[in-house]
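Okay, so here's the structure we're looking at.
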Amino acid sequence: MNKISPELERKLTLAVEGMPAFPKSVQKILELTRNLNTDPKELVQVIEKDPVITLKILKVLNSAYFSLPNKITSINHSVVFLGFNTIKNLALSIASVGILPKKNAAHFDVQSYLLHSLTTAGIAKLLCSKLRVPGIDPMDCYIAGLLHDFGKVVFAQFLPEEFRAAMEKARDEGISLHIAEKQIIGADHTVVGSMLAEKWQFSDTLIDCIRNHHSPSDDENAMWASVYAANQISKKMAYGNSGNPCVEELPVAVCNFLGGDIDAIIVSLGGELSKIAEEASLFAQMDSGA
Amino acid sequence: MKIKFWGVRGSIPSPGPNTVKYGGNTTCIEIRTDDNQLIILDGGTGIFALSQTLLKEMPVSANVFITHTHWDHIHGLPFFIPIFIPGNTLKLHGAFDPISGRGIEQVMAVQLQYSYFPVREAEMKASIEYETLMPGQSVQVGDTTVTPTLLNHPVINFGYRIDCNGKSVFFTGDHEPHYNIYGPDDESFNEYQMLIDDKEKTILAAMNGVDVLIADSSYTTEEYPAKKGWGHGTFDSTIAMGKKAGAKMVYCTHHEPTRSDADLELEFGKVLARYPRKAGDPDYRLAREGEEIEI
Ligand SMILES: [Zn+2]
Ligand SMILES: [Zn+2]
């Protein structure tokens, strides 16, 4: 992990404290939807408490595709109309997108960031589920992938000038963004991202994944390898963009977990990759209110 | 109108000595209208044997209606032989999927990916058309009208009613009758019950008075509690639905892959004993691969 000065640490801590709490309803939905036998009643109650998610679900139901004679106005009715499982998956996709930032700061292209995060999440989950490591839930990999670059959002919001300079430096010199961040800010987005994950009280494995998605880990597990590789694959396939022009080589430990280098992994995923990309752009659109 | 069953098995093809009589292929039903239009309900593995019989009546113009996109209802589509022969037409109908945001065209796109099937869609010689339907939106096939109704399954599932010259068939695809997710003590219980009752009325109206009802009867009532929420009906729920809809004949289908011919008949016998047939009741039957009826 990077060594940072006490002064910088204070600054970053302040920034992290300025970030909103991780939405309870989203956390609950992510939690409930990973259980195959979710109690429908419980999920409906969680969704109903979140007006934004509720509205988005109702919008899908009342879209032209179902040509309803009368508008559907409740989640209960949505469940009866489309079936519980469909509503469950709709809620999951809406919740995933909902936690990502919406407005631009420091010329940070949020739509491209969203795509990068969603594809990294999807690929990480896929890689992890192929590894079938007992005790590691592919859904945790999804969340880790979704949030791995969240530190950049903190930078964009609280250190916009420095972050913008780091992005320009990375682009002009063709170096990795996290290296440019270290040079200009003194710490990279993995540091502040993992601090935020700590504040949100995520599991240690998840925090570690975010902290070490550009570096070796003391605990090199399947989740870490999946997220590490997924991030690079998403960049190599040019799915979205989170300000980092470089595709870095995968550490040997990551290749060992996943049975090959980045090209071999991409080949092994085949058509599943484009499916993930397609789904991600759909999720991203869903959030833009389309 | 003629109806022929080419696949009656649920979930996964189940060939072998224990399923010789009722058959091991997954869902596929052929319908020949009075003006000899070809309508195919679902593209489970049964569609392969059906497609071979079509080679003698080319050019083939097939109207396929997909109830939903679970494998057992689409698995045979890439093996529908007429699609490899120029001059034939395949028109695929089905629902919009709100999760993927795609229409019925995804059914082929997903199956014909390079790693999973040797022929790409662009290489298929027949003309393939797609029509994504809205619930309640009827489609005309010659003299025949096909109308989809939204039923209850883990993915969007259409039941189809086929009306031709005063005769009618309704096929549910996979369907679990709605149940209340709340307990009687919950505040939302009554509201939810009203929504379900309303929905049931719509479903019964869609199949009202059909000559033949073909319905998902995967489980026995004893098996059901462990499978609640999986999206399938029981023999008993099918019988109740057939009675309420005033169907003349009811076929139980989507047989469990592990159920042998003997077990199937044993369970069905028990159910029939529970519902001794009274005047006006439907005629109850087990769907059997290869069986053909004319109405
Ligand atoms: Zn099925
Ligand atoms: Zn199904």
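Chain A is the first sequence line, chain B the second, and so forth, proteins listed ahead of strands; every chain is numbered from 1.
- One finds the CG atom of L68(A) at 10.5 Å from the CE atom of M134(B) (value rounded to the nearest 0.5 Å).
- Within the model, atoms CZ of F81(A) and NE2 of H178(B) stand 9.5 Å from one another, a figure rounded to the nearest 0.5 Å.
- Interface remark: E272(A) contributes backbone and side-chain atoms alike to the contact with chain B (heavy atom separation under 4.5 Å).
- Between T86(A) and D97(B), every side-chain heavy-atom pair lies at or beyond the 4.5 Å cut-off.
- How far CG of N157(B) is from CG of L82(A): 12.0 Å, rounded to the nearest 0.5 Å.
- Contact residues of residues 38-46 of chain A toward chain B are P40(A), K41(A), V44(A), Q45(A) (heavy-atom distance under 4.5 Å).
- The shortest non-hydrogen separation linking P98(B) to L90(A) is O-CD2, 4.1 Å.
- Counting heavy-atom pairs closer than 4.5 Å to chain B, the top residue among A64(A), S274(A), S63(A), S67(A) is S67(A).
- Contacts of S74(A) with chain B are made by side-chain atoms alone, with heavy-atom separations under 4.5 Å and no backbone atom involved.
- Contact of E191(B) with chain A is made through the side chain alone, with heavy-atom distances under 4.5 Å.
- If you measure heavy-atom distances from D198(B) to chain A, you find no contacts under 4.5 Å at all.
- For the pair L195(B) and V79(A), the minimum side-chain heavy-atom distance is 4.5 Å or more.
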